[in-house]
> 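Can you read through this structure? Questions will come right after.
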Amino acid sequence: MYSSNYDVLFEPIRIGPVTAKNRFYQTPHANGMGYNMPNSSAAYREMKAEGGWGVVSVEYCSIHETSDDGPCAYQALWDGNDVKALAQTAEGIHRHDALAAIELWHGGLKSNNRFTRVPTMSPSGHMTGYLHTASVSRAMTKKDIRDLRRWQVDAALRAKQAGYDIIYVYAGHEFLPVQFLSKKYNQRTDEYGGSLTNRVRLLREMIEDTREAVGDSCAVAVRLGVHGFAHPVIGTEGGYEDREVIEMLAELPDLWDVNFAGSHNGNDSCSARFSNEGYQESFIDFVKSTTSKPVVGVGRFTSPDTMAGQIRRGVIDIIGAARPTIADPFLPNKIREGREDEIRECIGCNICRSANNEALPLRCTQNPTIGEEWRRGWHPEKFPQASEPESVLVVGGGPAGLECALTLGRMGHHVTLAEAGEELGGRLLKEAKLPGLSSWIRVVDYRATLLKRMPNVEIYYDSQLSAEDIIEFGFSHVVLATGSQWRADGVGFSNKRPIEINPDARVLTPADCMNDADVQGDVVIFDDDHYYMGGCLAEKYMNAGHSVTLVTPATSVSEWTALTDEQWFVQTKLLQSGVNIITTQQLTKVEAKTLELACVYSGKSQTLSFDTLILATARMPKNELFEQLTQPEQEQRFESIRCIGDCEAPGAVVDAVHSGHRFARLFGREQTHTVSFKREQIILETINI
Ligand code: ADP
Ligand code: SF4
């Protein structure tokens with residue numbers, strides 16, 4: 001039973017004609033599956049409902065072919081087949097006594113329409129698309145506006161037919177209704193442009209139309225991205241009109257779902273590196289005083305105390321969440337059952353954002369089962385029980401070893417986990433001390449806490465095992481999760497061969513830096529890794545008072561973080577803190593005190609002096625044990641011996657966790673198919689091969 005401190009989280013709340021059973025609301029968010037993966041999508045949303053979320057929303061759902069976000073995955077309600085697919089999702093959500101919500105969407109000039117190939121539309125005919133095609137959207141005529149209103153109504157009726165309880169008018173993320181609200185996009189001279197009353201007109205009409213069409217039995221929600229539509233120019237102070245908009249429409253919808261959108265992707269789901277839990281409060285706390293309708297807000301909430309506090313303090317009525325539902329679909333049930341210490345807390349790494357940005361099904365660092373509900377049948381809390389438990393030795397207590405040991409343990413196997421160090425955590429023990437990454441230690445905390453309670457798991461610390469030790473122990477199943485090490489020879493993403501390095505040069509790897517090596521004088525970081533390491537080390541040494549230059553062959557700093565919606569924040573922070581940034585330069589040679597760089601386009605060379613050079617490049621697997629133990633004379637001693645995580649192939653923490661989990665789930669199961677998961681394929685009637 002839950003603590004009385006959290007009573008408020010379990011109070012039902014009326015939303016127009018429907019009632020949510022509690023205050024846990026999975027707000028609309030893309031999952032990289034969209035209408036092409038109806039089974040995966042349905043299973044994904046149902047899992048949230050099973051985990052106790054009172055409302056589960058489907059992501060942006062196109063109301064018409066003039067709004068197409070390909071190659072990203074989105075939902076659509078264009079015809080009866082879409083109704084059928086989305087009904088499957090609503091049914092799954094209803095099976096667990098939750099309400100199903102759907103976010104009807106028209107992107108205006110922010111759609112790409114690469115798939116449908118019809119022109120985009122916007123209030124005043126500006127250039128179009130997130131992908132910056134060289135095309136201009138069509139300025140909407142009055143007929144277009146009438147059509148748009150009809151499409152919204154038709155889609156709302158289809159959503160109702162599909163069984164949805166809450167139907168959105170979506171005015172967030174600079175999509176079409178926001179483009180009408182915004183002075184930046186709306187330069188119309190008719191009754192839809194000019195004054196705020198005119199710019200609000202379309203949104204007002206869409207809310208009224210939707211209510212008239214479905215409001216008898218469905219709640220009408222508005223998602224509004226605040227601080228997002230009144231900025232004529234980035235950096236202009238003030239001029240926000242969100243309060244006025246909400247005041248003008250205050251009582252029209254049944255629910256306000258508000259978030260901080262701002263002028264940059266990544267504001268609304270800002271990573272932990274650049275925001276704290278509850279970071280949206282100061283942007284949205286005015287909303288409740290302007291309306292009597294329930295207000296949903298987000299803020300990467302993972303602590304039940306923070307959540308209950310938000311409601312008690314009157315900031316919001318309902319706890320909205322996207323990432324916390326991904327990291328732990330069972331968060332509400334765990335709070336209800338008094339198991340808060342078992343919550344798999346979101347670490348705010350935004351790997352989930354990267355999956356969606358790559359148009360792929362979600363992946364999550366904390367929760368390896370996300371996106372795998374249908375295709376692999378993985379459940380985040382239920383594990384197939386071993387009919388004949390095996391004894392397994394797992395070597396290495398980093399993310400891969402921890403996840404593997406935990407999952408094998410949950411499946412009922414007898415697990416021995418041996419870790420060379422004094423603590424569990426592997427690379428994260430040091431990496432979580434880098435600037436902005438402290439929440440990443442939750443990956444370790446969650447697993448270590450549960451592992452230490454399991455009677456069928458034994459943990460040995462200070463146990464650097466050799467091949468002889470492992471042979472002597474006599475386990476028939478051995479899993480090696482011994483990690484990786486940073487290269488010191490310059491080989492990275494773009495440098496495929498070692499570079500010439502003068503032995504007198506002071507050259508460090510990220511591992512040296514995290515082990516507090518003596519860094520002297522002017523620091524140059526060569527970043528050919530392109531994720532967080534180069535940027536974090538630059539920040540670390542700026543904070544320590546060094547002069548820092550970051551050199552990268554890419555066109556921007558920490559280029560891969562564009563996919564986690566962090567790149568803009570990383571580069572801004574480094575520039576503001578005085579880091580000297582040199583882009584598009586390859587490192588070609590290292591002398592004792594100087595470097596040679598070459599432009600990746602022209603080859604033109606330049607020289608740079610340094611005192612300490614840090615190579616944030618590639619890592620190599622630490623797989624010596626595996627090589628020794630799989631010599632022909634040794635391998636026969638084991639029924640199975642495998643490498644997982646970084647010692648198989650160094651990658652991000654998300655890959656190590658998934659690798660550990662995947663190994664455990666497949667352990668002892670004979671693989672009968674070439675592909676270990678199901679795909680949503682159209683099955684052809686005849687195949688002649
Ligand atoms: P991954 O991300 O794949 O989990 P890490 O580098 O984070 O990899 O973790 C690897 C862990 O394995 C580290 O904690 C390290 O101390 C441990 N380890 C490496 N070699 C051995 C060994 N021979 N015996 C026991 N533990 C080891
Ligand atoms: Fe949170 Fe990272 Fe998982 Fe996204 S990928 S839900 S940010 S832990």
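Atoms within a ligand are numbered from 1 in the order they appear, just like the ligands themselves.
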> Can you name the atoms of ligand 2, numbered from 1 with element, that are less than 4.0 Å from a heavy atom of Ile347?
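With Ile347 as reference, the close atoms of ligand 2 come out as 1 (Fe), 8 (S).
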> Just which atoms of ligand 2 are under 4.0 Å from any heavy atom in Ile351?
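Checking each atom against Ile351, I get 5 (S).
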> Of all the non-hydrogen atoms in the protein, which one sits nearest to atom 16 (O) of ligand 1, and at what distance?
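Going atom by atom, the protein heavy atom closest to atom 16 (O) of ligand 1 ends up being Glu419 OE2, 2.6 Å.
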> Nearest 0.5 angstrom please: Leu424 CG to Arg447 CZ, how far?
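Interatomic distance, Leu424 CG to Arg447 CZ, rounded to 0.5 Å: 12.0 Å.
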> In the protein, what heavy atom is nearest to atom 23 (N) of ligand 1, and what distance, to one decimal place, separates them?
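Protein heavy atom at minimum distance: Leu465 O, 3.0 Å.
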> How far is atom 7 (S) of ligand 2 from its nearest protein heavy atom, and which residue and atom is that?
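Of the protein heavy atoms, Asn350 N, 3.1 Å lies nearest.
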> Just jot down the ligand 1 atoms closer than 4.0 angstrom to any heavy atom of Pro399, in number order.
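Those qualifying, in numeric order: 1 (P), 2 (O), 4 (O), 7 (O).
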> Hey, which atoms in ligand 1 end up nearer than 4.0 Å to a heavy atom of Gly483?
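Within the 4.0 Å cut-off of Gly483, ligand 1 contributes 5 (P), 6 (O), 8 (O), 10 (C).
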> If you count the atoms of ligand 2 from 1 in the order shown, which ones are under 4.0 Å from a heavy atom of Ile326?
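Counting atoms of ligand 2 from 1, those under 4.0 Å from Ile326 are 6 (S).
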> Looking only at protein heavy atoms, identify the closest one to atom 1 (Fe) of ligand 2 and say how far it is in Å.
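Checked against all protein heavy atoms, atom 1 (Fe) of ligand 2 sits closest to Cys346 SG, 2.4 Å.
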> Hey, are Arg45 and Glu59 close enough for a salt bridge, meaning a charged N less than 4.0 Å from a carboxylate O?
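Looking at Glu59 together with Arg45, the answer is yes, because their closest N to O distance falls below 4.0 Å.
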> Take His413 and Glu390 through the test side chain to side chain donor-acceptor pair (under 3.5 Å) and record every step on the way to the result.
CA-CA 5 Å; His413 295 291; Glu390 301 278 359; over 6 Å; no
> Mark yes or no for whether Asn357, through its side chain, and Ser354, through its backbone, hold a donor-acceptor pair below 3.5 Å.
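Side chain of Asn357 to backbone of Ser354: no pair is present.
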> Indicate yes or no: does an N/O atom of Ala400 lie under 3.5 Å from an N/O atom of ligand 1?
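Yes; at least one N/O pair falls below 3.5 Å.
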> May I have the step-by-step check of side chain to side chain donor-acceptor pair (under 3.5 Å) for Asn350 and Arg323, ending in yes or no?
CA-CA 8 Å; Asn350 278 13; Arg323 288 171 292 176; 2.7 Å; yes
> Run the numbers for me: atoms of ligand 1, each under 4.0 Å from some heavy atom of Ser463, listed by number.
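In order of numbering, the contacting atoms are 24 (N), 25 (C).
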> Between Lys540 and Asp516, does at least one N-O distance fall below 4.0 Å, as a salt bridge requires?
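Asp516 and Lys540: salt-bridged.
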> Please confirm whether His379 and Phe330 have ring centers closer than 6.0 angstrom.
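Yes, ring centres under 6.0 Å apart.
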> Give the numbers and elements of all ligand 1 atoms closer than 4.0 Å to a heavy atom of Leu625.
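Going through ligand 1 atom by atom, the ones under 4.0 Å from Leu625 are 23 (N).
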> List ligand 2 atoms under 4.0 Å from Gly348, heavy atoms only on the residue side.
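Under 4.0 Å from Gly348, ligand 2 has these atoms: 1 (Fe), 7 (S).
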> Have Ser558 and Thr561 got a donor and an acceptor in their side chains that come within less than 3.5 Å?
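Absent: no donor and acceptor within the cut-off.
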> What is the nearest protein non-hydrogen atom to atom 21 (C) of ligand 1, stated with its residue, atom name and distance?
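Nearest protein contact, heavy atoms only, for atom 21 (C) of ligand 1 is Thr482 CG2, 3.6 Å.
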> Only heavy atoms of Ala481, strictly under 4.0 Å: list the atoms of ligand 1 that pass.
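Answer, ordered by atom number: 10 (C), 11 (C), 12 (O).
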> In terms of atom number and element, which parts of ligand 2 are under 4.0 angstrom from non-hydrogen atoms of Thr365?
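Those qualifying, in numeric order: 3 (Fe), 5 (S).
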> Taking heavy atoms and a distance under 4.0 Å, where does Leu429 meet ligand 1: side chain, backbone, both or neither?
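For Leu429, no heavy atom sits under 4.0 Å from ligand 1.
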> What about the rings of Trp560 and Phe493, do their centers lie closer together than 6.0 Å?
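Centroid separation for Trp560 and Phe493: 6.0 Å or greater.
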> Give the atom numbers and elements of ligand 1 that come within less than 4.0 Å of a heavy atom of Val395.
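Near Val395, meaning under 4.0 Å from one of its heavy atoms, ligand 1 has 22 (C), 24 (N), 25 (C).
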> Any idea which protein heavy atom is nearest atom 5 (S) of ligand 2, and the distance to it?
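The protein heavy atom lying closest is Cys352 N, 3.3 Å.
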> As a check for students: among Arg344, Arg323, Arg442, identify the option with a heavy atom nearest to atom 6 (S) of ligand 2.
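The option holding the nearest heavy atom is Arg323.
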> Suppose we call two aromatic rings close when their centres sit under 6.0 Å apart. Are Tyr60 and His173 close by that rule?
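No; His173 has its ring centre 6.0 Å or more from that of Tyr60.
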> If we only count N/O pairs under 3.5 Å, is Ile644 in contact with ligand 1?
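N/O-N/O distance below 3.5 Å does not exist for this pair.
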> Suppose we measure from atom 2 (Fe) of ligand 2 to each protein heavy atom; which comes out shortest, and what is that distance?
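Scanning the protein heavy atoms, the shortest distance from atom 2 (Fe) of ligand 2 goes to Cys349 SG, 2.4 Å.
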> Would you say Cys364 has an N, O or S atom lying under 2.8 Å from atom 3 (Fe) of ligand 2?
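Yes, Cys364 qualifies, because one of its backbone or side-chain N, O or S atoms lies under 2.8 Å.
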> First locate atom OG of Ser676, then atom CZ of Arg665, and finally report the distance between them rounded to the nearest 0.5 Å.
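Answer rounded to 0.5 Å: 13.0 Å.
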> Whether Lys48 and Glu373 form a salt bridge (side-chain N of Lys/Arg under 4.0 Å from carboxylate O of Asp/Glu) is what I want to check.
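Looking at Glu373 and Lys48, the cut-off is not met.
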> Any N or O of Arg427 that comes nearer than 3.5 Å to an N or O of ligand 1?
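Checking ligand 1 against Arg427, an N or O pair does fall under 3.5 Å apart.
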> Say whether, by atom type as modelled, one donor and one acceptor occur between the side chain of Asp528 and the main chain of Thr617 under 3.5 angstrom.
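Not a single qualifying donor-acceptor pair exists.
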> Check whether the side chains of Gln634 and Gln628 place a donor and an acceptor atom closer than 3.5 Å, and report yes or no.
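There is no such pair between these side chains.
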> Could you identify the single nearest non-hydrogen protein atom to atom 1 (P) of ligand 1 and state the distance to 0.1 Å?
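Checking every protein heavy atom, the shortest distance to atom 1 (P) of ligand 1 gives Asp646 OD2, 3.8 Å.
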> Looking only at distance, does Ala656 have an N or O less than 3.5 Å from an N or O of ligand 1?
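In this structure, Ala656 places no N or O atom under 3.5 Å from an N or O of ligand 1.
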> As an exercise, identify every atom of ligand 1 less than 4.0 angstrom from a heavy atom of Ala418.
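Taking each heavy atom of Ala418 in turn, ligand 1 has 25 (C), 26 (N) under 4.0 Å.
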> How far is atom 26 (N) of ligand 1 from its nearest protein heavy atom, and which residue and atom is that?
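The protein heavy atom lying closest is Ala420 N, 3.1 Å.
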> Nearest 0.5 Å, what's the CG-CD distance between Asp462 and Glu423?
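So the gap between those two atoms works out to 10.5 Å.
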> For ligand 1, which atoms sit closer than 4.0 Å to a heavy atom of Gly645?
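Reading through ligand 1 atom by atom, the close ones are 3 (O).
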> Considering non-hydrogen atoms of the protein only, which is the closest contact for atom 9 (O) of ligand 1, and what is the distance?
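Answer for atom 9 (O) of ligand 1: Gly398 CA, 3.4 Å.
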